[in-house]
Each structure stands twice: as C-alpha cells, then as structure tokens.
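Worth knowing before you read on, the calculation uses all heavy atoms, side chains too, and leaves out hydrogens, waters and symmetry mates.
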Amino acid sequence: MRYLKTSLHGAVLIEPERHADSRGFFARTFCIREFADQGLETRFVQHSCSFSAKRGTLRGMHFQLQPHGEVKVVRCVSGAIHDVIVDLRPNSPTYRKWEAFELSAANGCSLYVPEGFAHGFQTLSDDTEVNYLISAFYEPSASTGIRFDDPAISINWPLEVSVISERDLAWPSMDEIEAKV
C-alpha cells in the first residue's frame, strides 16, 4: 500500500498496490504492521457498511464527541463517492479546513480519517456501497454532526443532493457548535 499525505494534518489517502493477472487482481486493504509503521491507528473495534441506491445521496457530516472520538478507514467497494473530511480539532493547523477525495471500486483507495474530523460523502453513482473500519464503539449519546452546507466550511459538493436524511439536514453549523462551548 502507498500512504499519501493529504492537505489536512493526520489524514492519509491509502492507495492499494494491485497485483494483477488473468483472474483480475489481489490487493491488501489493511495491514496492522504497515499502519503501525505509518503511525496510524491499528485497533478497529467495528466494521460497518452503508449502501446508497441513488446517485447524489449525501451522508454526513458525522463525528462522535469526546471521549468517544473515532478513527475511520473508509473504502468504497461498489460504485463511487465524493468523500469529504473536515478538521474539527481547534488546536490543529488545519482547523475548519476540508478536503475531498474520490473513492471508488475502480481505484480501490481508502481514506484514513483521524479522530476529531467530521466525515461525509455524496454518491457519484447508483448502487454504491461503502465499508468503514472504526476505532471506537458507536455511542448514540456522542453521535453528532455539522451541516453539509455550512457556509463557514463551504464544501463543494459535485451533484445536487438527491437523498439526505432528516437527521443530516438538522445538524448545527460550526458557528452554532462553537457558541455552545
């Protein structure tokens, strides 16, 4: 695997090294030794997946409050997504900055999302499935998010939103969250 730094402190794009032959290819998507050598989290207590039937579906921007913060490794196994992360760590040099990545079954890339980041994505094709390795157990009382269309963040989504949950529409803005602190 190749570990590529991103513009956001601590986030890493992981490219698989595919070994192809007449059958197709083989590639590792996780190796505890390699992750440890890169200084990345190696303990993942949950493996989750999501399926979105319709192109343009938006999920996000999600995170868990401390002390239940989580690292995620996100990989699209069917279809394609516009994957977005936002650095929510106030002491980070990239605080309130975002970056987007195309993750797809075709490119096989994974995104390492550090603790303290909001994460979300928009599907670029119908019938898209995404897998997640997650370092912390889901804690409903710590589950929260920020608005996908927060003007303080100004994420550029590539498509009109075709499907979004009521919960994702109701997340507060960054300014609203910071006013409570």
Does the side chain of Glu34 pick up a donor-acceptor pair with the side chain of Tyr3 at under 3.5 Å? yes
side-chain hydrogen bond (donor to acceptor under 3.5 Å, both in side chains) partners of residues 115-124, not counting sequence neighbours, each pair once: Gln66-Glu115, Asp83-His119
Is there side-chain contact between Val77 and Val130, with at least one heavy-atom pair below 4.5 Å? no
Would you say that Met1 contacts Glu15 through its side chain, given a criterion of any heavy-atom pair below 4.5 Å between the two side chains? no
Listed by chain and number, what are the side chain to side chain contact (heavy atoms under 4.5 Å, CB included) partners of Asp149, not counting sequence neighbours? Arg147
Let me check something: do Val163 and Phe51 share a hydrophobic cluster, defined by ILVMFWY side-chain heavy atoms less than 4.5 Å apart, either directly or through other members? no
If two hydrophobic side chains count as joined below 4.5 Å and joins carry through other members, does Leu13 share a cluster with Val73? no
Taking all heavy atoms of Ser7 and all of Glu99, pick out the closest pair and write down the distance. OG-OE1, 2.6 Å
Using a 3.5 Å distance criterion without hydrogens, assess whether the side chain of Ser162 forms a donor-acceptor pair with backbone atoms of Thr57. yes
Identify each donor-acceptor pair in which a side-chain atom of residues 85-93 lies under 3.5 Å from a protein atom, sequence neighbours left out, and give them as a table.
unit_1: Asp87; atom_1: OD1; unit_2: Arg89; atom_2: N; d: 2.9
unit_1: Asp87; atom_1: OD1; unit_2: Arg89; atom_2: NE; d: 2.9
unit_1: Asp87; atom_1: OD2; unit_2: Arg89; atom_2: NH2; d: 2.9
unit_1: Asp87; atom_1: OD2; unit_2: Ser92; atom_2: OG; d: 2.5
unit_1: Asp87; atom_1: OD2; unit_2: Thr94; atom_2: OG1; d: 2.6
unit_1: Arg89; atom_1: NH2; unit_2: His9; atom_2: O; d: 2.6
unit_1: Arg89; atom_1: NH2; unit_2: Ser92; atom_2: OG; d: 3.3
unit_1: Ser92; atom_1: OG; unit_2: Thr94; atom_2: N; d: 3.1
unit_1: Ser92; atom_1: OG; unit_2: Thr94; atom_2: OG1; d: 3.2

If you take all heavy atoms of Cys76 and Ser78, which pair is closest and at what distance? SG-O, 3.3 Å
Supply the atom-to-atom distance His62 NE2 to Ile146 CD1, rounded to the nearest 0.5 angstrom. 10.5 Å
Closest heavy-atom pair and its distance - Ala100, Val84: CB-CG2, 3.9 Å
Side chains of Leu4 and Val12 in contact at under 4.5 Å (non-hydrogen atoms): no
Decide whether Arg59 and Ser52 meet the rule of one side-chain donor and one side-chain acceptor closer than 3.5 Å. yes
What's the spacing between Ile164 CD1 and Leu169 CG if we round to 0.5 Å? 4.5 Å
Side chain Gln38, main chain Leu40, donor-acceptor under 3.5 Å: no
Closer than 3.5 angstrom, by distance alone: can the side chain of Trp157 be matched with the main-chain N or O of Phe148 as a donor-acceptor pair? yes
Residues 131-140 side chain polar contacts: donor-acceptor under 3.5 Å, at least two apart:
unit_1: Tyr132; atom_1: OH; unit_2: Ser50; atom_2: OG; d: 3.2
unit_1: Ser135; atom_1: OG; unit_2: Val71; atom_2: N; d: 2.7
unit_1: Glu139; atom_1: OE2; unit_2: Ser141; atom_2: N; d: 3.4
unit_1: Glu139; atom_1: OE2; unit_2: Ser141; atom_2: OG; d: 2.8

Please answer whether the main-chain N or O of Ala11 pairs with a side-chain N or O of Thr6 as donor and acceptor at a distance below 3.5 Å. yes
After noting the C-alpha distance and the side-chain angles of Lys72 and Glu70, does the key distance pass the salt bridge (Lys or Arg N to Asp or Glu O under 4.0 Å) rule? CA-CA 6 Å; Lys72 293 179 184 175; Glu70 58 192 8; 3.8 Å; yes
With sequence neighbours excluded, tell me which residues meet side chain to side chain contact (heavy atoms under 4.5 Å, CB included) with Ala80. Glu102, Ser104, Leu124, Ser125
Measure the shortest side-chain to side-chain distance between Val74 and Tyr112 over non-hydrogen atoms and say whether it is less than 4.5 angstrom. no
Do Arg18 and Phe25 meet the cation-pi criteria used here (NZ or CZ under 6.0 Å from the six-membered ring centre, within 45° of the axis)? yes
Check whether any side-chain heavy atom of Lys97 sits under 4.5 Å from a side-chain heavy atom of Leu8, and report yes or no. yes
Tell me, do Phe121 and Leu58 make a side-chain contact under 4.5 Å, heavy atoms counted? no
Mind checking the CZ-CD1 spacing from Arg75 to Ile81? Nearest 0.5 Å is all I need. 11.5 Å
Within this structure, what is the CG-OG distance for the pair Leu103 and Ser110, rounded to the nearest 0.5 Å? 7.5 Å
Does the separation of the ring centres of Phe30 and Phe35 fall below 6.0 angstrom? yes
Non-neighbouring partners of Ser143 that pass side-chain hydrogen bond (donor to acceptor under 3.5 Å, both in side chains), sequence neighbours left out: Arg167
Under 3.5 Å donor-acceptor, Trp98 side chain and Ile153 backbone: yes
Atom CD1 in Ile155, atom CG in Asp150: separation rounded to 0.5 Å? 8.0 Å
